[in-house]
Amino acid sequence: EPEVTQTPSHQVTQMGQEVILRCVPISNHLYFYWYRQILGQKVEFLVSFYNNEISEKSEIFDDQFSVERPDGSNFTLKIRSTKLEDSAMYFCASSEARGQGRKLFFGSGTQLSVL
Amino acid sequence: TQLLEQSPQFLSIQEGENLTVYCNSSSVFSSLQWYRQEPGEGPVLLVTVVTGGEVKKLKRLTFQFGDARKDSSLHITAAQPGDTGLYLCAGPGNTGKLIFGQGTTLQVKP
């Protein structure tokens, strides 16, 4: 079965450093998402991306965050200057469609630890 | 603000027991989904319920969508250790993004 691939699986960084989390969505999918899950808390929506632009973002997704689909296969999340509170599991997801009942396929996540 | 509240948050039972997990909201959702997440993995979709009152079965798992489309339940019959995991309900918000409940951690002891 096709799957969403995320790298790295773990990333440790110093506060203030930039990190790039990488994702390879399922090849025929058109909608891409980033979610995060802080330990013990809910899975939270960050951003959705379609047709090479952001279609929706949450209040968490401030100016420190950006997304890119640089080459038609990778989908990246960049955090410019990491803060301690950015420590979380970050999940990439993709879907074929956007309508009611659409199926999101999630990657295994990148565990980001900011020290 | 659309919120999904799950209960219980933690459930530890013996193999063979039955259990029900609830997902409630004060808002109407056009559909609700149930995901299962194992440690170190992303959520995996189990089912989507779309019609008020709908019941879907997946082997020993029975999912129900409330008549008013504000709540859903997941019932597991004769739970097995392989059912252990985090169960999440989720629904599309008004703007389309997926809103998750806080999850129910299920532990099934052999």
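Proteins come first, then strands; the chains are lettered A, B, ... in the order of their sequence lines, and each starts at number 1. This structure is a prediction, so every number in the text was calculated from the model and none was measured. Basis for what follows: all heavy atoms, side chains included, without hydrogens, waters or symmetry-related copies.
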Can you say whether B:F29 sits under 4.5 Å from chain A via the side chain, the backbone, both, or neither, judging by heavy atoms? neither

Tell me whether A:E3 at atom CD has more than 12 heavy atoms from other residues, nucleotides or ligands lying less than 6.0 Å away. no

Between B:Q37 and chain A, with a heavy-atom cut-off of 4.5 Å, which part of the residue counts as in contact: side chain, backbone, both or neither? side chain

Side chain to side chain contact (heavy atoms under 4.5 Å, CB included) between B:Y35 and A:V43: does it pass, once the steps are laid out? CA-CA 11 Å; B:Y35 290 80; A:V43 176; over 6 Å; no

Donor-acceptor contact below 3.5 Å, side chain A:Y33 vs main chain B:L98: no

Same apolar cluster: A:F106 and B:L46, side chain cutoff 4.5 Å: no

B:L88 portion near chain A, given a 4.5 angstrom heavy-atom threshold: side chain

Hey, any chance A:L46 and A:I79 share a hydrophobic cluster, counting ILVMFWY side chains that come within less than 4.5 Å of each other, even indirectly? yes

Please say yes or no: joined through hydrophobic side-chain contacts below 4.5 Å, possibly via intermediate residues, are B:L19 and B:L74 part of one cluster? yes

Under 4.5 Å to a heavy atom of chain B? For A:Q37 that would be side chain

To the closest 0.5 Å, what do you measure between NZ (A:K42) and CD (B:E5)? 5.0 Å

Cluster overlap A:F75 with A:I20, hydrophobic side-chain contacts below 4.5 Å: no

Over 12 foreign heavy atoms within 6.0 Å of NZ, B:K57: no

Hey, is NZ on A:K57 packed in by over 12 heavy atoms from elsewhere, all under 6.0 Å? no

Heavy-atom closest pair, residues B:G42 and A:F91: CA-CE2, 3.3 Å

Heavy-atom distance under 4.5 Å to chain A: side chain of B:L86, backbone, both or neither? side chain

Less than 4.5 Å to any heavy atom of chain B: does that hold for the side chain of A:Y35, its backbone, both, or neither? side chain

